Number of protein chains: 2
Amino acid sequence: MNEDQIQALNSIARTRLIEAGQVIMSDQEPATFFANIISGTVKLIKNTPDGRQQIVGLLFAPDFLGRAFSRNNPYFAEAATDVEICMFPNAAFERLVESNPDLQHRLFERTLDELDAARDWMLLLGRKTAEEKVASFLLLIARRQLLSGCTHDGLGQADGSFALPLTRADMADYLGLTIETVSRQITRLKLSGIVAMNSNRVMAVPDMARLAAAAGQTAAAQG
Amino acid sequence: MNEDQIQALNSIARTRLIEAGQVIMSDQEPATFFANIISGTVKLIKNTPDGRQQIVGLLFAPDFLGRAFSRNNPYFAEAATDVEICMFPNAAFERLVESNPDLQHRLFERTLDELDAARDWMLLLGRKTAEEKVASFLLLIARRQLLSGCTHDGLGQADGSFALPLTRADMADYLGLTIETVSRQITRLKLSGIVAMNSNRVMAVPDMARLAAAAGQTAAAQG
DNA sequence: CGACATGTTGAACCTCATCAACCGACGTGG
DNA sequence: CCACGTCGGTTGATGAGGTTCAACATGTCG
């Protein structure tokens with residue numbers, strides 16, 4: 001984004017801190033704002049009427065949260081970790097986007113990326129085994145945390161280890177598994193030496209290629 | 001779309017007929033065109049290195065097919081039925097979109113809809129039972145075929161029955177199941193009277209609410 | 001310390017995948 | 001014309017991968 005755009009955005013922005021576990025947007029009420037994630041991890045959640053739950057997306061900094069043109073939002077957004085977001089009132093943001101084709105273009109590309117990510121995940125949910133699912137998730141986080149700078153949470157970094165932003169329960173909801181299965185598969189990956197865990201939430205990956213193989217991908221390929 | 005837009009589109013368009021089973025776009029080669037589906041059903045497919053397959057999207061008329069701004073296309077597009085499409089060379093189409101914010105806006109909204117659909121399907125893949133999956137698919141098709149006009153294929157219509165655009169194998173790949181499981185679940189739905197089948201590919205739904213219930217949705221709700 | 005949340009491990013069960021046989025429709029060629 | 005292969009679909013028997021239920025461990029906070 002150029003200077004003008006950033007200026008314009010800042011002039012209507014308001015930052016906010018949200019604790020882990022808090023609901024940011026409900027699927028019941030229409031969204032009133034658009035936001036940019038500064039730090040932390042946000043879960044997008046869908047529920048069945050009888051209470052089953054599926055995480056349909058994870059958002060990290062600097063992802064966007066919210067619906068561009070205010071139809072109502074079909075999922076819950078919940079903070080997985082403590083989250084810092086930068087909020088824009090919906091109406092003001094939309095005006096800005098309307099008058100700024102470049103910004104709209106950026107939003108469009110971000111949305112296409114999200115669509116790709118969602119479809120990758122459909123392959124995982126529909127066709128991968130429990131071990132591949134868990135390995136895929138750990139690989140996703142490992143790449144994210146190690147490549148895109150530090151973790152911002154004071155854990156890991158130096159020795160190449162990093163923090164998992166989700167609890168076992170959240171992982172299960174993201175992978176279409178149960179808590180127990182996630183736990184067992186992590187144990188298996190530890191035993192086989194593919195990952196090492198300093199604690200329940202801090203992990204290290206000695207050999208990314210092995211993890212990628214366990215995730216059912218040929219070394220180089222996709223996310 | 002307004003008259004000018006349609007004019008502009010038509011001037012660069014070329015229609016084409018594609019037989020069921022033919023590949024329209026490969027994930028290997030970069031996409032060279034953008035297209036509009038006139039009739040028929042297109043599958044978007046993802047594969048694992050070892051040959052497992054997942055359908056990550058279905059496209060019907062009048063959906064768009066292709067990537068707006070020519071990054072390479074990460075999936076296969078294959079004709080599920082005979083398909084009629086209207087093709088635009090990528091470069092020309094992009095120029096048109098660039099100069100036409102309204103059209104871009106439309107594309108954006110379509111993409112958001114696809115994202116919602118993908119995430120709905122993630123819930124299905126991750127958390128629904130085989131019976132719910134099959135019922136959900138049949139419900140999706142039933143609503144689509146019965147609401148949005150006729151079926152264009154000469155089957156069904158009059159008596160409220162309609163054709164299934166997918167084989168059992170395709171349904172399995174769409175639902176994250178095996179052919180056998182799909183077949184058995186359809187049999188179960190027939191036995192319980194929730195659906196009736198005139199032949200393997202032609203179906204009728206006496207009571208949509210019952211089908212919706214079998215799909216694990218409360219009567220009114222989502223797709 | 002006790003209460004509660006998060007995570008691990010074990011045993012039993014069940015859903016769905018796998019393997020296999022079979023059916024009907026269709027097209028081809030002897 | 002009918003044998004033959006193929007393709008899409010159905011049905012059955014069996015078994016494995018994951019769920020479920022339950023107990024236990026660990027960590028944190030009052």
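The structure displayed is predicted, hence computed values, not measured ones. In the text below, chain A, chain B and the rest are named by the order of the sequence lines, each starting its count at 1.
- Picking from D/dT10, C/dG7, C/dA17 the nucleotide with the shortest atom distance to the side chain of A/N200 gives C/dG7.
- Remark: A/L17 CG to A/S39 OG distance equals 7.5 Å, nearest 0.5 Å.
- As judged by a 4.0 angstrom heavy-atom cut-off over every strand, B/G176 is placed among residues touching the sugar-phosphate backbone only.
- Classification of the A/F64-A/F34 ring pair by plane angle, with boundaries at 30° and 60°, yields tilted.
- The interatomic distance linking A/I179 (CD1) with C/dT8 (C1') rounds to 11 Å, in whole Å.
- Not one side-chain nitrogen or oxygen of A/T178 sits closer than 4.0 Å to the OP1 or OP2 atom of D/dG18.
- If you check residues 182-199 of chain B against DNA chain D, the residues with a heavy atom closer than 4.0 Å are B/S183, B/R184, B/T187, listed by number.
- Listed by first then second residue, pairs satisfying salt bridge (charged side-chain N to carboxylate O under 4.0 Å, His left out) with a partner in residues 178-188 of chain B read B/E131-B/R188, not counting sequence neighbours.
- Taken residue by residue, residues 164-173 of chain A places heavy atoms nearer than 4.0 Å to DNA chain C at A/T167, A/R168.
- Taking atom CD of residue A/E132 and atom C1' of nucleotide D/dG18, one finds them 14 Å apart after rounding to whole Å.
- Applying the side chain to side chain donor-acceptor pair (under 3.5 Å) test to residues at least two apart or on different chains, the pairs with a partner in residues 50-64 of chain A are A/N47-A/Q53, A/T48-A/D50, A/D50-A/R52, A/R52-B/E132, A/D63-A/R110.
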* Structure fact -> Protein-proximity profile, nucleotides 20-26 of chain C, B/S/- by nucleotide at the 4.0 Å heavy-atom cutoff, equals B------

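- When the nucleotides D/dG9, C/dT18, C/dC16 are ranked by their closest atom to the side chain of B/A130, C/dC16 comes out on top.
- Counting only residues at least two apart or in different chains, side chain to side chain donor-acceptor pair (under 3.5 Å) contacts with residues 20-30 of chain B are absent.
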